[in-house]
There are 2 protein chains.
Amino acid sequence: MLNISTRGQEMPPSPIRKLVPFAEAAKKKGTKVYHLNIGQPDIETPPAIMDAVKHADLKVLEYSHSAGNESYRRKLVEYYQKVGISVSHDQIMITTGGSEAILFAFFTCLNPGDEVIIPEPFYANYNGFACTAGVEVVPITSHIETGFALPPIADFEKVITSKTKAIIICSPNNPTGYLYSREEMEALKDICLRHDLYLFSDEAYREFCYDGEYVSAMQLEGMEQHVVLMDTISKRYSACGARIGALVTKNKQVYDAAMKFAQARLSPPGLAQILGEAAVDLPDSYFDGPKKEYQARRDLLVSRLNAMPGVFCPNPGGAFYAIARLPIDDADKFCQWLLESFSYNNQTVMLAPATGFYGTPGLGKNEVRLAYVLNLESIAGAMDCLERALEEYPGKVKIEEKKQALA
Amino acid sequence: MLNISTRGQEMPPSPIRKLVPFAEAAKKKGTKVYHLNIGQPDIETPPAIMDAVKHADLKVLEYSHSAGNESYRRKLVEYYQKVGISVSHDQIMITTGGSEAILFAFFTCLNPGDEVIIPEPFYANYNGFACTAGVEVVPITSHIETGFALPPIADFEKVITSKTKAIIICSPNNPTGYLYSREEMEALKDICLRHDLYLFSDEAYREFCYDGEYVSAMQLEGMEQHVVLMDTISKRYSACGARIGALVTKNKQVYDAAMKFAQARLSPPGLAQILGEAAVDLPDSYFDGPKKEYQARRDLLVSRLNAMPGVFCPNPGGAFYAIARLPIDDADKFCQWLLESFSYNNQTVMLAPATGFYGTPGLGKNEVRLAYVLNLESIAGAMDCLERALEEYPGKVKIEEKKQALA
């Protein structure tokens, strides 16, 4: 018998995409579906960077350097300088999306059986990369009541074992939108130094901070050998399909070992590197528009959510996600019901059940993630649907009941 | 102490790229270096497929489907039909280069500790992917005397254990250029069926066959569940930098499990998928030019090599590589010496020591791989250099001595 590998069997399917067949069926019935389920922004990719690809004059589309074009890496030094991160071009490795930067960090720093601590809820694909690398994810729960702030350091201390090798953070966060404060970043630094842990820092949403000060892990003094930055242009320039990211580290051993994985796959995408390089030349003011737009969407989304009976949504400080607690029995059932059995004015909304973002089974059952990647009108329409759906949903849990259950 | 993972330590560096610093130093001294060391073709990327990207009208460069754009996969069904491979679009998964197809096949079908048999010499990056996946490579030696024909099936039988899960082939072959005959493909089929092994078939060079009939593993009847095709457009359309490949299989379990790895990394490169899709529409006559050019280069290269005293180079049936046996003590030393200490009319040649392509230590010490990716004039210039170098090289082994040593 030919068998699938154990990791092939254990590899988790995408929790975001499992509702796709229900969305497709709803659309076939003629129902309009507001997609708040996935972090695919609707913001236009800057025409100037698409034009850079169109105007490139290449006779032969050759392999690039395995670490990416040197000209692009040198440009990125300027970019990082602007956001307060001081690195040299040989500390930057261009990767195929942020995804590959995460994979390289896992492969390079972690052995099969090693443990990595991640505050939950977290980006679900970390599970997939951990499974690929044979690494165990140890979740530490952050809570909606605190807006998903960093869990107390004591919670980290409790789960650290001899197998713990790294902590992964994402700030501003996907899926919570939470932005770690300087104090929280310093607390992470202390624990990493005390226990000799790597800090893998996913900073995909750096440009989208609405409240508070953005602090990069790369700015933490004394953490130069510990920090591996996992970056991407996907959200920054609304260029998810480019598949251009970067692994950045001042740890030369990590860089050199990661380079061997990079060499095996030859090079990152060539056309998209041209786009990425051009993006560094966009004026600083470029972000003003998207940021203002996202902030207006956040404000509308969060205020609409909190105005619904029994709904609670902490105000996210950055990124373009929010997690809301709904007065429902089961988020997976509810999200499927929205697509299968509900419509309002021939419209419905697609949300991501938060269960897929927790590592601890049973958590997130009455929470959903909403990505505010649609324009204000669509968000208003989606909120109208959700408000009505919460009135109609048969699995609704009354606030009184919930309070009792929590008590 | 922060440590690099074991796999990060054991990951082999690229054997092809280790001579790069010596080439750079030679160029700094003003020496012209003929690059026969790497499979980066000089053939122009078809302007029509570059234009397809330039004319694409995308507002937002979005994630594609994790398996690649459906329109592209449907087009590829036509392409495969033309080359005698009958598949449906849901048996095709677009990958980030052939590299990712190889990785997905390893992750999906093989457990850490499993063994994969590969006729050596073989594409060196299989070692890197095996290391990444924790898989053991078991080489079976093919010999220059037979032109690197498939080793006797008895040699496979000898090394098959309960841990053997797959055989990897590449035909036409990198690095030998050998093209497996129908009989050899049937022999591989028999052994895979008898021992229930996957057959991973790397067919990157399908379009470049000069002698004999091309047989795809996908054409082997009864092997539908066993074959995983690892494909790429890199060499086919001289588009190495696009990073577009494909994993193709009729085994639904394998496809579905591989999809989970594909979902974790979100999608393959978007701009380059446009290029790949346009390539399917190139006229069938497109390959006539490159193929004729490669064949002329092969003929020149092989005849020049075999005319040099003590040199033997079997005539490769396909791809654009040849392995030659030289009258030298050590190919690694010789290739470095060519760059460091030799020049002829201010020119030298960069070759790949064959040692990097063998899994068995000590093999290939008097062999080099030559990639005929330069025009005829350059190949002639490179051969002039090599001929002279073999006269001057201090580590030359006389034919008589070699015959004695072999006896």
Side-chain angles (χ1 to χ4, degrees), chain A residues 1-2 4-9 11-14 17 40-45 50 53-54 58-64 96-97 99-100 107-112 125 128-129 132 134 196 198 225-226 238-243 251 253-254 257 260-261 263-272, chain B residues 1-2 4-9 11-14 17 40-45 50 53-54 58-64 96-97 99-100 107-112 125 128-129 132 134 196 198 225-226 238-243 251 253-254 257 260-261 263-272:
Chain A
M1 246 303 275
L2 287 167
I4 299 300
S5 70
T6 307
R7 86 188 120 201
Q9 292 169 42
M11 186 75 181
S14 163
R17 299 200 179 206
Q40 168 59 62
D42 64 333
I43 303 281
E44 186 178 13
T45 310
M50 297 290 269
V53 178
K54 294 182 182 181
L58 299 171
K59 279 267 174 238
V60 184
L61 184 51
E62 297 189 353
Y63 292 120
S64 75
T96 306
S99 306
E100 194 180 57
F107 288 147
T108 299
C109 301
L110 308 174
N111 283 319
N125 285 323
F129 300 128
T132 304
D196 235 351
Y198 286 107
Q225 297 306 302
H226 295 253
S238 201
C240 299
R243 310 314 297 132
N251 183 320
Q253 268 199 303
V254 169
K260 296 190 287 181
F261 294 95
Q263 284 179 347
R265 63 73 163 122
L266 305 169
S267 67
L271 293 169
Chain B
M1 245 305 273
L2 287 167
I4 300 300
S5 70
T6 307
R7 84 190 122 201
Q9 291 168 43
M11 187 74 182
S14 164
R17 299 198 178 205
Q40 169 59 61
D42 65 333
I43 303 282
E44 186 178 12
T45 310
M50 296 290 269
V53 178
K54 292 180 182 181
L58 298 172
K59 279 268 174 238
V60 185
L61 184 52
E62 297 190 352
Y63 292 121
S64 75
T96 307
S99 305
E100 194 180 56
F107 287 147
T108 300
C109 302
L110 308 174
N111 283 318
N125 285 324
F129 300 128
T132 304
D196 235 350
Y198 286 107
Q225 297 305 304
H226 296 253
S238 202
C240 299
R243 311 314 297 131
N251 183 320
Q253 268 198 302
V254 170
K260 296 190 287 182
F261 294 95
Q263 284 179 347
R265 63 75 162 120
L266 305 169
S267 67
L271 294 169

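Throughout, a chain's letter reflects where its sequence line sits, starting with A, and its residues are numbered from 1. All heavy atoms count here, side chains included; hydrogens, waters and symmetry mates do not.
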Which answer fits A:Met50, side chain, backbone, both or neither, if we ask what part of it has an atom under 4.5 Å from a heavy atom of chain B?
side chain

Under 4.5 Å from any heavy atom of chain B - which part of A:Ser99:
side chain

Could you tell me which non-hydrogen atom of A:Gly8 sits nearest to which non-hydrogen atom of B:Ala257, and how far apart they are?
O-CB, 3.9 Å

Under 4.5 Å from a heavy atom of chain B, the part of A:Pro268 involved
backbone

What residue, out of A:Gly241, A:Ala272, A:Ala242, has the most heavy-atom pairs lying under 4.5 Å from chain B?
A:Gly241

Non-hydrogen side-chain atoms of B:Glu62 and A:Ser238 separated by less than 4.5 Å
no

Which one, B:Gly128, B:Pro41, B:Pro112, leads in non-hydrogen pairs under 4.5 Å with chain A?
B:Pro112

Under 4.5 Å to a heavy atom of chain B? For A:Ile43 that would be backbone

Here the pair of heavy atoms bringing A:Glu44 nearest to B:Lys59 is CG-O, 3.3 Å

Could you tell me which non-hydrogen atom of B:Val53 sits nearest to which non-hydrogen atom of A:Leu271, and how far apart they are?
CG2-CD1, 4.1 Å

How far does CG of A:Asn111 sit from OG1 of B:Thr6, to the nearest 0.5 angstrom?
3.5 Å

Answer yes or no: is there a side-chain heavy-atom contact under 4.5 Å between B:Lys260 and A:Pro13?
yes

Evaluate the side-chain proximity of B:Gln40 to A:Val60: yes if any heavy-atom separation is below 4.5 Å, no if none is.
yes

Taking atom CZ of B:Arg265 and atom CZ of A:Phe129, what is their separation to the nearest 0.5 Å?
9.5 Å

With distance as the sole test, does B:Arg7 use its side chain to make a donor-acceptor pair with the main-chain N or O of A:Thr108 at under 3.5 Å?
no

By ring pair (Phe, Tyr, Trp, His ring centres under 6.0 Å), A:Phe261 pairs with (sequence neighbours left out) A:Phe107

Tell me, out of B:Cys109, B:Gly97, B:Gly270, who's got the most heavy-atom pairs with chain A below 4.5 Å.
B:Cys109

For A:Glu100, which atoms come within 4.5 Å of any heavy atom of chain B: side chain, backbone, both, or neither?
neither

So, the part of A:Thr96 with a heavy atom under 4.5 Å from chain B: the answer is side chain

Let me see the working for A:Val254 and B:Leu2 under side chain to side chain contact (heavy atoms under 4.5 Å, CB included), right down to the final yes or no.
CA-CA 10 Å; A:Val254 169; B:Leu2 287 167; over 6 Å; no

